[in-house]
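Before any comments, here is the structure.
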Amino acid sequence: MNIHEYQGKQLLKGYGLPVAEGVAILKPGEAEAAAKALPGPLYVVKSQIHAGGRGKGKFKELAPDAKGGVRLAKSVADVVTNVGEMLGNTLVTKQTGPAGKQVNRLYIEDGADIARELYLSLLVDRSVGKIAFVVSTEGGMDIEAVAHDTPEKIITLAIDPEAGVTAEDVKKINAAYGLDGDAAKDGETVFPALYKAFVEKDMSLLEVNPLIVMKNGRLRVLDAKVSFDNNALFRHPEVVELRDTTEEDEKEIEASKYDLAYVALDGNIGCMVNGAGLAMATMDIIKLYGAEPANFLDVGGGASKEKVTAAFKIITKDPAVKGILINIFGGIMKCDIIAEGVIAAVKEVGLKVPLVVRLEGTNAELGKKIINESGLNVTSADDLDDAAKKIVAAVDNA
Ligand code: ADP
Ligand code: MG
């Protein structure tokens, strides 16, 4: 689960981390009061969407040379003008994809006097089984380019879970950034506090880009991207409350209600598969035959008829879907259950696109029989290759 920057900063503030003063707003009418509550004279108006790259992003509705999704404002009136231009419009960044994301919230923040922009993130480094700091002196808006062109400028420091962030670790991070004086002193509290927040809140990613050194020599968290481990959300009701479902794909929300592993994608062939590995292979083979999957969907090992029905409905409701491929290997999952679920779903929502079904494994014959006798317009396939070829051809000819 992801949260907005301003929510992440509020959470970090609770751990004593240095963040700027700011006010989140939902309506243009709130802009003036929000700005007046801040010290000024420099303000920043920041789009709150669950995607990075906002500063360099472009609003679809505005001229191509209009300012991006993070804007400096030099007066209260300037804040109000920028809010008027930004709120409700669609911001396209490197991370949103071409469709962009509608900006429904803005964060009005106190402007900082920046001396240096550093990169810091905390993540779970699976290769060493530890939480690691990833640091670079090259913070700001182009960390992807740094990772690509000069990867040696990015340093990873894994933290021993028993010891936590030691004085030695802090020294290493300070040295990597080249910090001294007040900034290095701030590092002694900032780095352990970030780690503490990460562990206590079961985060999966905490990215601060940039962490800044201000002209007065002090550190400040200027941006915060926070993701939580969904498997641990049950013990953080206070985190669940921060969820903004308007930022999530409707189909994914629906799928999560049924505990389906579903990810919406950009293609036009809907896939219903059991097992993540088989789902990946199915997507690969669709691509091999020149088409693109509309989704990743793993109905799971022991899916019920209800779950299959829900999954099928989610796929058929997607207007981008021009054909559906069901690829099931019955192990624990029985093919006849899948067949019944599909038929129940088609009866409820109808079937307007070609459907190719490949059933193999437990009760495969029974499953095929149920589908063949249902009167549905279904093409059956013998194996994965055959199935992918048939659905791609059916969509091409439609
Ligand atoms: P994104 O990473 O989505 O582009 P950031 O929050 O990192 O958004 O903002 C982009 C840039 O805007 C920062 O790298 C920084 O230079 C500037 N910026 C952001 N917040 C402030 C602030 N409060 N004061 C001054 N400059 C800011
Ligand atoms: Mg940033």
Side-chain angles (χ1 to χ4, degrees), residues 1-3 49-51 95-97 99 101-102 202 204-205 227-234 236 239-284 286-287 291-335 337-353 355-359 391:
M1 191 190 110
N2 298 322
I3 57 173
I49 54 170
H50 287 183
Q95 294 184 14
T96 60
K101 283 203 158 185
Q102 190 176 32
D202 287 306
S204 54
L205 175 73
S227 306
F228 299 92
D229 179 352
N230 287 349
N231 295 314
L233 283 178
F234 72 93
H236 300 292
V239 168
V240 175
E241 267 180 32
L242 302 177
R243 186 171 177 192
D244 178 2
T245 49
T246 66
E247 287 289 322
E248 297 174 23
D249 186 285
E250 234 174 89
K251 301 185 291 303
E252 290 181 12
I253 296 169
E254 187 64 18
S256 72
K257 286 188 201 153
Y258 291 91
D259 209 14
L260 295 161
Y262 175 92
V263 181
L265 299 167
D266 293 332
N268 62 8
I269 296 185
C271 306
M272 181 153 103
V273 189
N274 66 329
L278 188 58
M280 297 295 279
T282 304
M283 290 161 56
D284 278 349
I286 286 172
K287 277 176 170 278
E292 296 285 334
N295 65 279
F296 167 94
L297 171 62
D298 170 13
V299 293
S304 62
K305 187 177 141 191
E306 286 68 34
K307 222 166 149 174
V308 171
T309 311
F312 196 78
K313 276 202 223 164
I314 291 166
I315 295 175
T316 48
K317 264 192 205 157
D318 181 352
V321 168
K322 300 292 177 239
I324 300 171
L325 172 56
I326 297 180
N327 182 26
I328 299 293
F329 182 79
I332 302 167
M333 162 73 84
K334 296 186 185 73
C335 293
I337 300 281
I338 289 279
E340 280 174 9
V342 169
I343 289 164
V346 170
K347 279 193 182 141
E348 236 180 276
V349 296
L351 179 66
K352 295 183 191 74
V353 296
L355 171 65
V356 173
V357 180
R358 179 243 176 177
L359 298 173
I391 190 63

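Since the model is a prediction, treat every value here as computed from it, not as a measurement.
Between the Lys322 side chain and the Pro319 main chain, a donor and an acceptor come within less than 3.5 Å of each other. In terms of modelled atom types and a separation under 3.5 Å, the side chain of Asn268 and the main chain of Gly323 share no donor-acceptor contact.
Checked options Lys101, Gln95, Met1; the residue passing with His50 is Lys101 (criterion: side chain to side chain contact (heavy atoms under 4.5 Å, CB included)). Results of the side chain to side chain contact (heavy atoms under 4.5 Å, CB included) test with Leu355 over Leu325, Val342, Ile315 single out Val342 as the only residue that passes. For the side chain to side chain contact (heavy atoms under 4.5 Å, CB included) test with Thr316, the passing option among Val353, Val321, Ile324 is Ile324; the others fail.
Nearest heavy atoms, Gly267 versus Ala320: O-CB, 4.1 Å. Here the closest non-hydrogen pair linking Tyr262 and Ala255 is CB-CB, 3.4 Å. Here the shortest heavy-atom pairing between Leu359 and Cys335 reads CB-SG, 4.0 Å. In terms of heavy atoms, Met280 sits closest to Phe296 at SD-CE1, 3.8 Å. Arg243 and Ile253 get closest at one heavy-atom pair: NH2-CG1, 4.0 Å. In plain terms, the two heavy atoms of Ser227 and Asn2 that are nearest each other are OG-OD1, 2.7 Å.
Here CG of Leu297 is found 11.5 Å from CG of Asn327. Values are rounded to the nearest 0.5 Å. Note that the CZ atom of Phe234 and the CG atom of Asp202 stand 8.0 Å from one another [nearest 0.5 Å]. Going from atom CD1 of Ile338 over to atom CZ of Phe312 covers 11.0 Å, rounded to the nearest 0.5 Å. Distance check: Ile286 CD1 to Ile269 CD1 gives 5.0 Å after rounding to the nearest 0.5 Å. The line from CG of Leu278 to CG of Asp298 is 9.0 Å long, rounded to the nearest 0.5 Å.
Within 6.0 Å of the CG atom in Asp284, the count of heavy atoms belonging to other residues, nucleotides or ligands exceeds 12. More than 12 non-hydrogen atoms from other residues, nucleotides or ligands lie less than 6.0 angstrom from CZ of Phe228. The local environment of CD1 in Ile332 is sparse, with at most 12 non-hydrogen atoms from other residues, nucleotides or ligands closer than 6.0 Å. For Asp266, the CG atom sits in a loose shell: 12 or fewer heavy atoms of surrounding residues, nucleotides or ligands are nearer than 6.0 Å.
At least one side-chain heavy atom of Val299 sits under 4.5 Å from a side-chain heavy atom of Met272. For the pair Asp244 and Ile3, the minimum side-chain heavy-atom distance is 4.5 Å or more. Proximity of Val308 to Glu340: side-chain heavy atoms (C-beta onward) are nowhere separated by under 4.5 Å. Inter-residue side-chain proximity for Lys251 and Asn295 is flagged as unmet; no heavy-atom pair is nearer than 4.5 Å. Counting only heavy atoms from C-beta outward, the side chains of Lys347 and Ile343 approach each other to under 4.5 Å.
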Apply the test salt bridge (Lys or Arg N to Asp or Glu O under 4.0 Å) to residues Glu254 and Lys257: give CA-CA distance (whole Å), side-chain angles for both, the deciding distance (0.1 Å), then the verdict.
CA-CA 5 Å; Glu254 187 64 18; Lys257 286 188 201 153; 3.2 Å; yes

